Visitor: 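My questions will all concern the structure given below.
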Amino acid sequence: MPKDVVIDSALAADGCTGCRNFTIAHEAAHQILADLFPNDYGKAVKCRGHIVYRERNGKASWEEWQADTLAAELLMPTFLINAEIERVALTLPNGILYKSVSDPNYEKILEMARRIGVSWSAIRIRLQQMQVIKGKPIHCHPLDIIRFGE
């Protein structure tokens with residue numbers, strides 16, 4: 001059917017709740033945006049009867065960025081993230097987070113992700129967008145430390 005969304009069955013596993021939720025929200029966002037802007041939304045490509053949004057020149061398409069952004073807003077609105085930051089007493093001086101069990105903030109962010117129903121990656125990106133975590137990830141240690149520098 002034209003408005004059916006097909007999602008990989010690998011996301012059905014219990015350990016994939018966060019990824020599954022974001023994928024469903026992302027695909028729903030495509031539907032919402034296409035319905036709201038039928039003449040303007042995207043250069044979708046028909047592929048075996050399905051609509052596909054493709055990368056262009058190795059970069060995610062504008063449509064994919066829009067769907068990711070809307071999905072993030074649906075699942076992790078600013079007011080909810082701010083409430084969770086306050087609830088867990090998250091403090092990241094200088095925007096630095098160590099991806100290690102020795103950093104209590106890492107566990108707090110994992111707890112936030114579980115409560116909201118998203119993955120570690122999704123909440124990390126959202127915290128970057130909100131400038132709670134500054135900059136892009138820089139791998140400082142080959143095993144378990146990620147520094148988010150300026």
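This structure is a prediction, so every number in the text was calculated from the model and none was measured.
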Visitor: Within this structure, what is the CG-CD1 distance for the pair Leu90 and Ile109, rounded to the nearest 0.5 Å?
Guide: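 Nearest 0.5 Å value for the CG-CD1 distance: 5.0 Å.
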Visitor: Can you check whether His26 reaches Asp68 side chain to side chain, under 4.5 Å on heavy atoms?
Guide: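 The answer is yes, as the side chains (C-beta and beyond) meet within the 4.5 Å cut-off.
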Visitor: Working note: Met130 + Thr78, criterion side chain to side chain contact (heavy atoms under 4.5 Å, CB included); need CA distance, chi angles, decisive distance, verdict.
Guide: CA-CA 8 Å; Met130 292 175 62; Thr78 302; 3.7 Å; yes
Visitor: So Gln66 and His30, side chain to side chain donor-acceptor pair (under 3.5 Å) or not? Walk me through it.
Guide: CA-CA 8 Å; Gln66 288 175 308; His30 280 304; over 6 Å; no
Visitor: How close do Ala29 and Ala67 get, heavy atom to heavy atom, and via which atoms?
Guide: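 So the two residues come closest at CB-O, 3.6 Å.
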Visitor: Minimum heavy-atom separation for Ala122 and Phe22, please, with both atom names.
Guide: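 It is CB-CD1, 4.3 Å.
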Visitor: Is the closest basic N to carboxylate O distance between Glu73 and Arg126 below 4.0 Å?
Guide: yes
Visitor: With rounding to the nearest 0.5 angstrom, report the CD1 to CZ distance, Ile85 to Arg87.
Guide: 11.5 Å
Visitor: Taking it one step at a time, do Glu84 and Met76 satisfy side chain to side chain contact (heavy atoms under 4.5 Å, CB included)?
Guide: CA-CA 10 Å; Glu84 282 295 306; Met76 301 172 283; over 6 Å; no
Visitor: Could you tell me the separation between the CD1 atom of Ile81 and the CG atom of Leu127, rounded to the nearest 0.5 Å?
Guide: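 It is 6.0 Å, given to the nearest 0.5 Å.
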Visitor: What's the spacing between Ile24 CD1 and Asn21 CG if we round to 0.5 Å?
Guide: 6.0 Å
Visitor: Hey, which of Arg115, Gln128, Met112, Arg114 is the one that makes side chain to side chain contact (heavy atoms under 4.5 Å, CB included) with Ile123?
Guide: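 When Arg115, Gln128, Met112, Arg114 are each tested with Ile123, the side chain to side chain contact (heavy atoms under 4.5 Å, CB included) holds only for Met112.
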Visitor: For the atom pair CD (Glu27) and CD1 (Ile32), what is the distance rounded to the nearest 0.5 Å?
Guide: 11.5 Å
Visitor: Are Glu111 and Lys108 within salt-bridge range, i.e. N to O under 4.0 Å?
Guide: no
Visitor: Would Ile125 and Ile133 show up in the same hydrophobic cluster when neighbours are defined by side-chain heavy atoms closer than 4.5 Å?
Guide: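 In one cluster: no.
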Visitor: Identify the two heavy atoms, one from Leu75 and one from Ile116, that lie closest to each other, and give their separation to 0.1 Å.
Guide: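 Smallest interatomic distance, heavy atoms only, reads O-CG2, 3.4 Å.
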